[in-house]
Amino acid sequence: MSKAKVHVVGAGIVGLATAASLVQRGYEVTIIDREGPAAGASQGNAAAIAWTDVAPMASPGLWKQALKWLADPLGPLTVRPAYALKILPWMLRFMAASNPRRVARSTEALVDLNSAVVPAWERLWRVSGTHNQVRRDGCLQLFDALSSLERARGRWAEQRLYGIEVEELDAGALRALEPDLSERVVGGALVPGWMQVDEPKQLCLALADWLRGQGVAFAVGEVAGLQPNAAGCDLVLKDGGRIASERVVIACGAWSKTLASRLGDKIPLDTERGYNITVPEPGVLVKRMIMLPGHGFVMTPLSTGLRVGGAVEFGGLDLPPNWNRVEAMTAKARLFFPNLDTAGGKRWMGFRPSLPDSLPVISRASRHDRIFYAFGHAHHGLTQSAITGEMIADMIEGKTPAVDPAPFAANRF
């Protein structure tokens, strides 16, 4: 008996990983995207397989720090004035998700999901031949204020409770690992289990090439809506075209909210606009990924150069970029690496699809059992993509996923 034909809407890393799981199980898969593989957030992320990051963004103590950041229009967190009223409902839900009981539930769900991340990625790297694109050098967390370092110790203690190795280091040990660091650093930690990929866009393109070799078809088109029917679902394109499908996976990141809404699922998805700059010749040596939690950005050595990026800007999908945010980040980066040269760097801004409780939606549509959701991963789309793809493939096959999908259901809101 032949298996169903599946259309995956979205050619970012989550859509590609989902297609990979499906094609290995014998499904006929087509990926449809407005532009093609890795055209959105998947090309500009920080390249991290951050499975050790199990704390939800919503937490009881975050608001004190957030208010300080919001006072700086170029700080790690900002809301564009033109978007303030639109983001208010999301912010209220975020505050509700900061309740200690809800934070505990979200943390447990993230621990379960992230504990399956590395095995799922190992399977995908191996079968697709992309295993040589991953680095296993760990990640350094750096602090330039003793108060921030002290707060971090509490988070590290919680990570250790879940079996995550965190090695606290003094300033001298950190500079031994990263000799170009300035004297500004007062302490930090090495998280050795953290991994990163050489270059996220290149990984996506390599996966896309492998998928084509497995018979997966790629189509360019913008899906404007879906019309369920007895045989499955019709994809209605913006240009008026229609595509008949037996199963559909919505994995188009920040653009998933509208499609889900038209299917009856009112999911409170919004976008964190992230900025970065990738510098081919940075003038400094950064050996491994570096996080600066007190300043809200990261530095990642890629095969294409050094990427400096991060921060959170709420401004929706339509407002133009504020490139001053890149300049602010690079100015702060020079406090830690004084010889950093950003000349010739390529700037980028993209949209992270985020939900108030920091959990993605990995689920059937609430009202349609042949339509599935795989979106809302925020900062962890690359990290959680391989396990998300396996979970969706299990659901389509009618199997129970290895990770309990209940916390990620579309109807939890």
Side-chain angles (χ1 to χ4, degrees), residues 7-10 12 14-15 18 32 34 40-41 56-58 79-80 82-99 101-103 105-106 109-110 113 222-229 232-238 245 247-273 312 314-319 351-381 384 388 391-392 395-396 404-413:
H7 284 76
V8 177
V9 183
V14 175
T18 300
I32 183 167
R34 297 185 309 158
M57 285 189 62
V79 177
R80 295 281 282 270
Y83 201 69
L85 287 177
K86 290 183 179 180
I87 195 60
L88 182 59
W90 191 98
M91 288 291 189
L92 292 174
R93 286 180 176 270
F94 183 81
M95 289 179 66
S98 300
N99 175 280
R101 185 179 301 175
R102 292 190 61 185
V103 169
R105 289 202 302 265
S106 294
L110 285 172
L113 185 64
E222 183 171 353
V223 178
L226 298 99
Q227 291 187 350
N229 53 50
C233 178
D234 281 351
L235 283 70
V236 182
L237 304 184
K238 188 176 181 180
S245 184
R247 302 288 188 276
V248 176
V249 181
I250 298 176
C252 47
W255 287 267
S256 301
K257 177 179 179 178
T258 300
L259 295 179
S261 177
R262 291 171 181 170
L263 294 168
D265 285 309
K266 306 298 183 182
I267 296 173
L269 182 76
D270 215 292
T271 56
E272 301 175 33
R273 295 151 62 103
V312 173
F314 289 101
L317 295 170
D318 300 320
L319 293 176
F351 305 100
R352 308 183 191 104
S354 299
L355 290 155
D357 59 3
S358 299
L359 303 180
V361 176
I362 308 171
S363 170
R364 290 181 185 269
S366 298
R367 303 180 186 179
H368 308 285
D369 62 4
R370 299 183 182 185
I371 301 174
F372 300 81
Y373 299 145
F375 59 80
H377 296 76
H379 297 253
H380 297 116
Q384 297 165 349
T388 295
M391 291 172 68
I392 292 292
M395 293 178 194
I396 290 176
D404 181 7
F408 313 101
N411 61 4
R412 71 181 188 264
F413 301 103

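We use all heavy atoms of the structure for the numbers below, so side chains are in, but hydrogens, waters and symmetry mates are not. Remember, it's a predicted structure, so these values are computed and weren't measured experimentally.
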Q: Sequence neighbours left out, what passes side chain to side chain donor-acceptor pair (under 3.5 Å) with Ser358? Give chain and number order.
A: none
Q. Among all residues two or more places apart in sequence or in another chain, which pass the side chain to side chain donor-acceptor pair (under 3.5 Å) test with Thr18?
A. none
Q. Step by step, would you call Leu110 with Gln384 a side chain to side chain contact (heavy atoms under 4.5 Å, CB included)?
A. CA-CA 10 Å; Leu110 285 172; Gln384 297 165 349; 3.9 Å; yes
Q) Can you pull the salt bridge (Lys or Arg N to Asp or Glu O under 4.0 Å) pairs that have at least one residue in residues 257-271, sequence neighbours excluded? A)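 Sorted pair list comes back empty.
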**Q.** salt bridge (Lys or Arg N to Asp or Glu O under 4.0 Å) pairs, two or more places apart, involving residues 355-380
**A.** Asp357-Arg412
Using 0.5 Å steps for rounding, measure from the [atom1] atom of [X] to the [atom2] atom of [Y].
| X | Y | atom1 | atom2 | answer |
| --- | --- | --- | --- | --- |
| Phe372 | Ile396 | CZ | CD1 | 5.0 Å |
| Leu319 | Phe314 | CG | CZ | 13.5 Å |
| Met57 | Ser98 | CE | OG | 9.5 Å |
| Leu235 | Glu222 | CG | CD | 12.5 Å |
| Ile250 | Leu226 | CD1 | CG | 5.0 Å |

Shortest non-hydrogen contact from [X] toward [Y]:
| X | Y | value |
| --- | --- | --- |
| Ser245 | Arg247 | OG-O, 2.7 Å |
| Ile371 | Cys233 | CD1-SG, 4.0 Å |
| Pro356 | Pro268 | CD-O, 3.4 Å |
| Ile267 | Ala260 | CD1-CB, 4.1 Å |
| Ile392 | Ala374 | CG1-CB, 4.0 Å |
| Leu359 | Ser106 | CD2-O, 3.7 Å |

**Q.** Residue list, ring pair (Phe, Tyr, Trp, His ring centres under 6.0 Å) with Phe351, at least two apart or on another chain
**A.**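 Scan of Phe351 (ring pair (Phe, Tyr, Trp, His ring centres under 6.0 Å), adjacent residues dropped) gives Trp255.
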Q: Apply ring pair (Phe, Tyr, Trp, His ring centres under 6.0 Å) to Tyr373 and list each qualifying residue two or more places apart in sequence or on a separate chain.
A: Phe375
Q. Ala409: what forms a side chain to side chain contact (heavy atoms under 4.5 Å, CB included) with it, not counting sequence neighbours?
A. Ser363, Asn411
**Q.** Residue pairs involving residues 84-97 (criterion side chain to side chain donor-acceptor pair (under 3.5 Å); sequence neighbours excluded)
**A.**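 Found none.
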Do [X] and [Y] come within less than 4.5 Å of each other through their side chains, counting heavy atoms only?
| X | Y | value |
| --- | --- | --- |
| Val361 | Phe413 | yes |
| Pro360 | Leu113 | yes |
| Met91 | Val79 | yes |
| Ile32 | Leu237 | yes |
| Cys252 | Val223 | no |
| Val312 | His379 | yes |
| Pro405 | Ile362 | no |

Q | salt bridge (Lys or Arg N to Asp or Glu O under 4.0 Å) partners for Asp234, two or more places apart | A |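 Scan of Asp234 (salt bridge (Lys or Arg N to Asp or Glu O under 4.0 Å), adjacent residues dropped) gives Arg242.
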Q: Could I get the full list of salt bridge (Lys or Arg N to Asp or Glu O under 4.0 Å) partners for Arg352, not counting sequence neighbours?
A: Glu272
